[in-house]
J.: 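Starting off with a structure, shown below.
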Amino acid sequence: MTAFSPARSADLDGLVADLTRSDATFHRFLHGLPGVDQVGAEARAAGLGTRSIKTTAKAYALDLAIRMVDLTTLEGQDTPGKVRALAAKAMRPDPADPTCPSTAAVCVYPDMVADVKQVLGDSGVHIAAVATAFPSGRAAMDIKLADTRDAVEAGADEIDMVIDRGAFLAGRYLQVFEEIAAVREACARPDGQDAHLKVIFETGELQTYDNVRRASWLAMLAGAHFIKTSTGKVQPAATLPVTLVMLEAVRDFREATGQMVGVKPAGGIRTAKDAIKYLVMVNEVAGPDWLDPDWFRFGASTLLNDLLMQRTKMTTGRYSGPDYFTLD
């Protein structure tokens, strides 16, 4: 997992220190970012969504999308048996076809991490855990940090944290920045193999594309390895225009700092057709470097089955019924 954790340069650290020296300075920077053309962003997203991908390119895209899935269950009724079954599916999504790739990760609540780890072992499928009072983000900081440390100690490779949207919308940007930076520190392990941090914005609550751009830059400056759209608990969740704005942000951040940050749309992406639209957008907006599970993920539960159905159709020429693959 070293691929998406480049060392922060001294120049970037100096920039961050300068921008965050006061609330007023940070506010001026974030509100000085170029505004998002809402009509233009939505039109471009719609246009990219019409691209047609066929034959070998489609087969490649389906396998790539499977490799990018963070197979997720975040329900109050999750049990050890349920998450173990999900972990087994992540390793072998189609047991009848050994050429089918594994998913990127399994995403669960922190108390389920140990159960998932028992199944995944050294398979290469990562364990992601939501933390910091998911999904609301409304808790005292010591609780958020304890939540994170517990998940890391249990074996989580990745932490998906939620920002305090109330603080962000009230303009308390430095508070949100400091929370992200503190959670990243809580991802540390004694052996130096730190868990990687995905920062969830809950874009459905941020109200404007300008706020999505500001949140993206705030999180990247605070040390996020990934920026993520949604918890999946609020509608709208991931959308193509919102993801476009975030992809533009990571592209521009690399141009400004030399560092890559990943993007994870989550919630509401259910079909292979939808997933391929996102992959086209990644390639066109951020560039082919992001077409890799180290840099782009799908947070999803039902998406995987449709990807498997489409993959089987391309291999055999016929659809398997929706009940052919295990339900999640």
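Everything numeric here is computed off the predicted structure, so don't read it as measured data.
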J.: What I'd like to find out is whether the side chain of D78 reaches to under 4.5 Å of the side chain of V108, using heavy atoms alone.
T.: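 No - every pair of side-chain heavy atoms lies 4.5 Å or more apart.
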
J.: Mind running side-chain contact (heavy atoms from CB on, under 4.5 Å) on F253 and L221 for me, showing each step along the way?
T.: CA-CA 9 Å; F253 188 77; L221 289 167; 3.9 Å; yes

J.: Once rounded to the nearest 0.5 Å, what's the spacing between atom CE of M246 and atom CZ of R213?
T.: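 Output value for this atom pair is 12.0 Å.
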
J.: Whether E158 and R297 form a salt bridge (side-chain N of Lys/Arg under 4.0 Å from carboxylate O of Asp/Glu) is what I want to check.
T.: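 The answer is yes: the pair qualifies as a salt bridge.
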
J.: Looking at side-chain heavy atoms only, is the closest gap between E284 and R51 below 4.5 Å?
T.: yes

J.: Starting at CG of L15, measure out to OG1 of T20 and round the result to the nearest 0.5 Å.
T.: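 Reported value, rounded in 0.5 Å steps: 9.0 Å.
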
J.: Donor-acceptor pair, K144 side chain versus G137 backbone, under 3.5 Å?
T.: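 At least one qualifying donor-acceptor pair exists.
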
J.: Could you check T231 against D160 for side-chain contact (heavy atoms from CB on, under 4.5 Å), going step by step and ending with a plain yes or no?
T.: CA-CA 9 Å; T231 63; D160 290 28; over 6 Å; no

J.: Can you find a heavy atom in the side chain of C187 that is under 4.5 Å from one in the side chain of T148?
T.: yes

J.: Does the W290 side chain pair with the main chain of V261, one donor and one acceptor, at a distance under 3.5 Å?
T.: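 Pair found, side chain donor or acceptor close to backbone of V261.
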
J.: Taking the side chain as every heavy atom from C-beta outward, state whether L308 and L62 have any atom pair closer than 4.5 Å.
T.: no

J.: Just checking D191: does its CG atom have more than 12 heavy atoms from other residues, nucleotides or ligands closer to it than 6.0 angstrom?
T.: yes

J.: Shortest non-hydrogen contact from K228 to A266?
T.: CE-CB, 3.6 Å

J.: Are the side chain of R270 and the backbone of A300 linked by a donor-acceptor contact shorter than 3.5 Å?
T.: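 It does not hold such a pair.
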
J.: With rounding to the nearest 0.5 angstrom, report the OG1 to CG distance, T103 to L86.
T.: 8.0 Å

J.: What do the steps show when you test R214 against L206 for side-chain contact (heavy atoms from CB on, under 4.5 Å), and what is the final call?
T.: CA-CA 10 Å; R214 291 172 190 137; L206 293 191; over 6 Å; no

J.: Mind running side-chain contact (heavy atoms from CB on, under 4.5 Å) on F29 and W217 for me, showing each step along the way?
T.: CA-CA 10 Å; F29 170 76; W217 275 85; 3.9 Å; yes

J.: Once rounded to the nearest 0.5 Å, what's the spacing between atom CE of M314 and atom OG1 of T56?
T.: 8.0 Å

J.: Please answer: with hydrophobic residues joined when any side-chain heavy atoms are less than 4.5 Å apart, are L169 and V234 in the same cluster?
T.: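 No.
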
J.: Taking only Lys NZ, Arg NE, NH1 and NH2, and the carboxylate oxygens of Asp or Glu, determine whether K82 and E75 approach each other closer than 4.0 Å.
T.: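 Salt bridge flag = no for E75 with K82.
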
J.: Please report the interatomic distance CD1(I269) to OG1(T229), rounded to the nearest 0.5 Å.
T.: 6.5 Å

J.: Starting from V263, can I reach I180 by hopping between I/L/V/M/F/W/Y residues whose side chains sit under 4.5 Å apart?
T.: yes

J.: Mind checking whether I227 and L12 sit in one hydrophobic cluster, side chains of I, L, V, M, F, W, Y counted as touching below 4.5 Å?
T.: yes

J.: Would you call the rings of H225 and H196 parallel, tilted or perpendicular if under 30° counts as parallel and over 60° as perpendicular?
T.: perpendicular

J.: Which atom names give the shortest non-hydrogen contact between D23 and L174, and what distance separates them?
T.: OD1-CB, 2.9 Å

J.: Going hydrophobic residue to hydrophobic residue with side-chain gaps under 4.5 angstrom, can you get from M68 over to M281?
T.: yes

J.: Atom CG of L240 and atom CD of E42: how far apart are they, to the nearest 0.5 Å?
T.: 11.0 Å

J.: Does this structure show an ion pair linking D63 with R311, if we count only N-O contacts that are shorter than 4.0 Å?
T.: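 Counted as a salt bridge, because a side-chain N and a carboxylate O are separated by less than 4.0 Å.
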
J.: Under 6.0 Å from the NZ atom of K273, do we count more than 12 heavy atoms belonging to anything else shown?
T.: no

J.: Looking at every heavy atom in both D70 and A104, which two are closest together, and how far apart are they?
T.: OD1-CB, 3.8 Å

J.: Any link between F201 and V162 through a network of hydrophobic side chains (Ile, Leu, Val, Met, Phe, Trp, Tyr) touching at under 4.5 Å?
T.: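 Looking at the clustering, V162 is in a separate group from F201.
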
